[in-house]
Amino acid sequence: MGGVCCKAFYFNALRNLRGLARLLNKDGHRKRIRSTQSLSLEAQVCGIVGYIGSREVAPILLDGLARLEYRGYDSAGMAVQNGQGLKVRKRSGRVDELARFVDANPVQGHMGIAHTRWATHGPPTTANAHPHLDCTGEFAVVHNGIIENADTLRKLLRQRGHTFLTPTDTEVIVHLIAASEGEQLEDRVRNALRHLEGTYGIAVISGEFRDRIVVARSGSPVLLGVGEGGETFVASDPAAIVEHTRSVVYLEDGDIAVLTPEGYRILDHEGEDQARPMDDIDWDIESIELGGYAHFMQKEIFEQPDSLRNTLRGRLVADEGDARLGGLRLTPEEIQNLDRVLILGCGTSWHSGLVGRHLIETLANLPVQVEYASEFRYQSKLPLDRTLVVAISQSGETADTLEAIKVAKERGARVVGVVNAVGSTIAREAQGGIYLHAGPEIGVASTKAFTSQLAALLMLGLHLGRRRGLSREVGREVVQALSKIPEQIELALRADDELARLALTFVDAENALYLGRGVSFPVALEGALKLKEVSYAHAEGYPAAELKHGPIALIDDHMPVVVVAPYDHIFSKVVSNVQEVRARGGRIVVITTEGNRDLAAVADHEVVVPETHELLSPLLTVIPLQLLAYHIAVLRGCDVDRPRNLAKSVTVE
Ligand code: G6P
């Protein structure tokens, strides 16, 4: 360790840090300290990539960052060990900006770490981009997560002479590592981590310890990729490294991994070796490339027949009218003893939960409650025994959903996950579950994950239902209808040109209403969310009958109104609601099912999807809504796959 500011205060700082640790552990309990100055917190929903081996590192890091950009994309940076010390390149803006900067200012070396950021606090400037350095420039850190006691630590380190260049919590980590003792880099990192409260996935390199990258995880996903001849990758998401290796090792919370040119070791917080299983990535590089489509969102919309086939594969038992879901790990007795189901999720996953309520209540004869995971966390503390909690998450990393699961478990619930990302934190935190197998979803606006979630929830309804008195006949009807869905989505996708033309007529609308009833109300919410996310037009989803209680005041000749009205038991009621809109001049588009002619008189435009069992209609009616949002966004010149201010996986509260 070198450096002017750190050396002089080294021992005092440690003494104080020990004092701080005592403060944090008062009465033998770990006390969570919440920052009072949240504006100085640096919270990320970002991507990490790193490499050590015999190849030139910069191109590997830049490619990896480009693959991770969907997770966060407001600034990016890298630090490379070139044999003499650390070279850092950072840029605000997209990864392209960084790539151009590195082209103009090349860096050479065989090990390095990199990061792409999505800021929630603190502007996305070049200075705030990762990696962050300590004041000597000896250590560099990239970090996902949030350090809750950063302000306290910063104050203490400042008193000891450390100079901070940014308001970020990540910078605190690197100063803390510089101020910690230890023979090897991993010892210093371990000693520093003892003082951190919050969540982190970090990768650290140093000018002094030239042969290693140290990686640690607590609450933010990190995995290692095992390549050829001892080379090792680190990433927050397998997408960053799948073109180099399919063999990955997911770190557990508390793990510290040491990567050297010869391979890797995983240690616990006492420095003891840990064995972690090696997993295989079971999807191809093509899954994360555009393959001829203009955008990932478009590609993923069109992938839905296949992603659905993958979700259903091997799970439907046609004769029995049942679904095989061994991953739930629930015995028939446990299912019979359930009193209710509680579904938790955020964003699109919450919408699929709202559809799921109808499916499970109807098929399994159980009351179902659906909550935003972020709200549930702070609700009453009533016990949840005999309750099955279903946590829905595409990424498996959404912080609100993860925390909600923990709360539910504490309250006695049995928790199962409906998750797409294999090996993700929610998948591991749940006590069982259903993987979607929809393949990686890159477009920030969720599409194929939504339909796969619906299919998974239908199968869950069937599975619970068949163990709670649902007849084989009804089960068979659902299974039969479900097995036809992939083909029917292919047919629904044929309306693409029609929706592209329709988009032309709506492109200038700054507001839109989406209406539906029953299972179609959440579809209306999802259609409105898609439009908001990708086109920045304001859209609201409403239960069609609620229109007259307020939003009808908004309707005039310019207001587009999209009505989701499959031909089901509530259809005639929806027609009456649409007539209320018609009478006030709204521009009406109706999404309905084949063979239904009753709407021609009230709709300006009808989009028809194939007919199906009424519980399954959301799987088809959502397709035109996805296409409509996509085409409107393209016409408006929006960045469809990376909408402003959004991130694919939100790992902060
Ligand atoms: C973010 C994404 C949404 C997504 C939500 C929940 O807000 O932008 O598209 O629906 O998170 O994500 P999850 O991965 O838990 O399904």
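Values reported hereafter were calculated over all heavy atoms of this structure, with side chains retained and with hydrogens, waters and symmetry mates removed. All ligand and atom numbering here is 1-based and tracks the order in the structure.
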*Asks:* Taking NZ, NE, NH1 and NH2 as the nitrogens, is one of them in D400 or R377 under 4.0 Å from a carboxylate oxygen of the other?
*Replies:*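 Yes, charged N to carboxylate O under 4.0 Å.
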
*Asks:* Once ring-ring contact (aromatic ring centres under 6.0 Å, His included) is applied, what residue pairs with a partner in residues 392-418 remain, sequence neighbours excluded?
*Replies:*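 Checked against ring-ring contact (aromatic ring centres under 6.0 Å, His included) - neighbours excluded - no pair reaches residues 392-418.
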
*Asks:* With no hydrogens and no angle check, just 3.5 Å: does a side-chain donor-acceptor pair link E97 and S92?
*Replies:*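 Their side chains do not contain a donor-acceptor pair, so the 3.5 Å distance test is not met.
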
*Asks:* Which pairs of N or O atoms, one from ligand 1 and one from the protein, are separated by less than 3.5 Å, and what is the distance for each pair?
*Replies:*
residue, atom, partner, partner atom, Å
ligand 1, 8 (O), A647, O, 2.9
ligand 1, 9 (O), V444, O, 3.2
ligand 1, 10 (O), T348, N, 3.0
ligand 1, 12 (O), T398, OG1, 3.4
ligand 1, 14 (O), S393, OG, 3.4
ligand 1, 14 (O), Q394, N, 3.4
ligand 1, 14 (O), S395, N, 2.7
ligand 1, 14 (O), S395, OG, 2.6
ligand 1, 14 (O), T398, OG1, 3.4
ligand 1, 15 (O), S393, OG, 2.6
ligand 1, 15 (O), T398, OG1, 2.5
ligand 1, 16 (O), S349, OG, 2.6
ligand 1, 16 (O), Q394, N, 2.7

*Asks:* Is it the case that the side chains of Q453 and Q394 hold a donor-acceptor pair, with the cut-off being a distance below 3.5 Å and no angle test?
*Replies:*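 Q394 vs Q453: no donor-acceptor pair found between side chains.
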
*Asks:* Kindly list each side-chain donor-acceptor pair under 3.5 angstrom involving residues 517-524, sequence neighbours excluded, with atom names and distances?
*Replies:*
residue, atom, partner, partner atom, Å
R517, NH1, N577, OD1, 3.2

*Asks:* With sequence neighbours left out, write down each residue that passes ring-ring contact (aromatic ring centres under 6.0 Å, His included) with Y630, or none if nothing qualifies.
*Replies:*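 Partners of Y630 under the ring-ring contact (aromatic ring centres under 6.0 Å, His included) test: H295.
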
